[in-house]
Amino acid sequence: MVIPIIGLSILLVLTSTSPFSLDSNTGCNSHDWDCSLHLPLWVSETEKAAIEDRLEGWTKDLETSGADIAILASCLKKPLRPLWISQKTVIWINEVPDYDSWDFTPIILVSASSTSGVTQHRTTSEFSWNYIPGAGDDEESWARGLSPNLFWNHAYDLISTGPDVCNQKVADIVEKDRVYRARRGQDAPQITIKPSISESSPCLDPLLCSDLSNITISSSDEERGIFWLGSTDLALGSSQIAAECSSNVDCVLNCDQWPISVHHQEAEAYLHLPIVSSKMDRFSLFNNLSSAVNFAKSNLTKGRTLLICCHDGEDISVCVCLAILISLFNDEGSFDDGKFFSETGITKCEMRRRLVYVCKFAIKARPSRGNLKQVFSFLNSEVAKV
């Protein structure tokens, strides 16, 4: 139910704070948009009512998060509305209305759970579901090493193959991309697929199986880069790009499991903290954040630029950067040696706002919930010391 709630919260913020007018293309007044809560039929009225009771609070959280609502308001011509597609959804292509005739902007939600007429009903409706926990977000359980970029580059080929040979097609695409990158000296780990219940092949490398979420596969060098966070002197990137471009920054904080070769001669300009995913160690990030913040503090005090990197530059390094940003920078993004943090502490709302700030610059950022929880716990523990 997360996406319908987010979509409606966005609409409520837009219609309450933005100067809407009659759209010349659609003739639709934005103030007349349908801002009611749309949920799938199998959601009970009790659950729907509980969600509606909390919408006002969620909307206020969005307003204070720092998200750039103005940009969204300038491009959204129709209200957002979710549409659900399951494994048993039947769509007649010739009966789908033209998009321009719709009075809303659809958000297509594909459910990984399967419908069933046998399972005990969870609601009073005629629908029942076999829920597959985590199927929508634990991509290491089902993506078979296929990254989003790699999927979209071969989307039509994958769809046209059909379900019988889809897994084999995915394996071929992933392996060809791995070989392509390996020949060019790029990071190209061997992908080991976590077997499903119906498969008997063993997992050859438990470490790799449990941390496939940290594997980003890309065939384009243009998608790699260093992302600077405004004027903070902080930057994010992958460990590979850090090794290649370390001469462009003053110091490097490497949060990958493996060390990298950097150009800096001074020992204080490079720190390696082998942090692993929260799925492998729930306290790995927490136990290393103090060292990370101290390293950043000693270098930022001297006016040095700092590049924070991890395997893919999307999760662990983002969380480390978030902890540094909150601990050592004030509300305006200026380095103050931790004065603002010691005076104000931390709240979940403030942490969300700072994360939005990071994501404005680090467009690849996708920190995991487990790692964000460790950052919040660390910050709370630091507040207790003050």
Side-chain angles (χ1 to χ4, degrees), residues 2 61 65-66 133-134 136-141 143 147-148 187 189 194 206-216 227 229 232 234-242 252-258 260 271-296 306-329 341 345-384:
V2 175
D61 288 342
S65 68
D137 52 10
D138 294 339
E139 65 267 29
E140 69 272 20
S141 300
S147 69
D187 184 39
K194 185 176 181 179
L207 178 64
L208 199 55
C209 283
S210 61
D211 198 28
L212 281 178
S213 62
N214 282 338
I215 295 176
T216 299
F227 302 98
L229 272 60
T232 62
L234 297 175
L236 286 167
S238 67
S239 53
Q240 178 183 343
I241 201 68
V252 175
L253 173 55
N254 177 21
C255 304
D256 199 345
Q257 295 183 51
W258 312 108
I260 59 174
L271 177 64
H272 178 215
L273 298 175
I275 304 174
V276 298
S277 165
S278 61
K279 294 180 180 179
M280 297 173 60
D281 184 343
R282 291 186 299 167
F283 302 101
S284 178
L285 177 61
F286 179 90
N287 293 333
N288 285 280
L289 280 177
S290 180
S291 298
V293 172
N294 290 334
F295 176 77
L306 171 63
L307 172 60
I308 308 166
C309 65
C310 64
H311 174 75
D312 55 12
E314 298 177 0
D315 183 7
I316 295 175
S317 59
V318 172
C319 291
V320 171
C321 183
L322 179 62
I324 292 172
L325 186 68
I326 295 174
S327 299
L328 302 177
F329 290 77
F341 175 67
I346 186 64
T347 64
K348 290 184 178 180
C349 181
E350 174 63 15
M351 183 166 155
R352 281 194 298 266
R353 196 181 68 80
R354 296 290 187 110
L355 180 58
V356 169
Y357 175 82
V358 173
C359 293
K360 284 182 179 180
F361 301 98
I363 57 176
K364 285 187 170 184
R366 51 170 193 162
S368 64
R369 173 185 284 187
N371 285 334
L372 288 174
K373 284 183 176 180
Q374 292 182 68
V375 172
F376 189 70
S377 297
F378 166 76
L379 294 172
N380 274 324
S381 67
E382 291 299 296
V383 170

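Remember, it's a predicted structure, so these values are computed and weren't measured experimentally.
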For a 4.5 angstrom cut-off between non-hydrogen side-chain atoms, does [X] reach [Y]?
| X | Y | answer |
| --- | --- | --- |
| Phe329 | Leu234 | yes |
| Val375 | Pro367 | no |
| Tyr357 | Thr232 | yes |
| Ile241 | Cys309 | no |
| Val358 | Leu236 | yes |
| Ser278 | Gln374 | yes |
| Leu289 | Leu285 | yes |

Might you point out which heavy atoms bring [X] and [Y] nearest each other, and give the distance in Å?
| X | Y | result |
| --- | --- | --- |
| Cys321 | Leu229 | SG-CD2, 3.4 Å |
| Ile346 | Phe341 | CB-CE1, 4.1 Å |
| Asp315 | Ser368 | OD1-N, 3.0 Å |
| Val383 | Gly345 | CG2-CA, 3.7 Å |
| Phe227 | Phe361 | CD2-O, 3.5 Å |

Distance in Å, [X] [atom1] paired with [Y] [atom2], rounded so as to fall on 0.5 Å steps:
| X | Y | atom1 | atom2 | result |
| --- | --- | --- | --- | --- |
| Ser327 | Leu322 | OG | CG | 9.0 Å |
| Asn371 | Phe376 | CG | CZ | 15.5 Å |
| His272 | Cys255 | NE2 | SG | 8.5 Å |
| Ser317 | Lys364 | OG | NZ | 11.0 Å |
| Met351 | Asn380 | CE | CG | 9.5 Å |
| Phe378 | Asn288 | CZ | CG | 10.5 Å |

Mark yes or no for whether Asp281, through its side chain, and Val276, through its backbone, hold a donor-acceptor pair below 3.5 Å. no
If only atom types and distance count, is the side chain of Asp312 paired as donor or acceptor with the main-chain N or O of Ile316 below 3.5 Å?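 No; zero donor-acceptor contacts below 3.5 Å.
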Side-chain ion pair, Arg366 and Glu314, N-O less than 4.0 Å: yes
NZ (Lys373) with more than 12 external heavy atoms under 6.0 Å: no
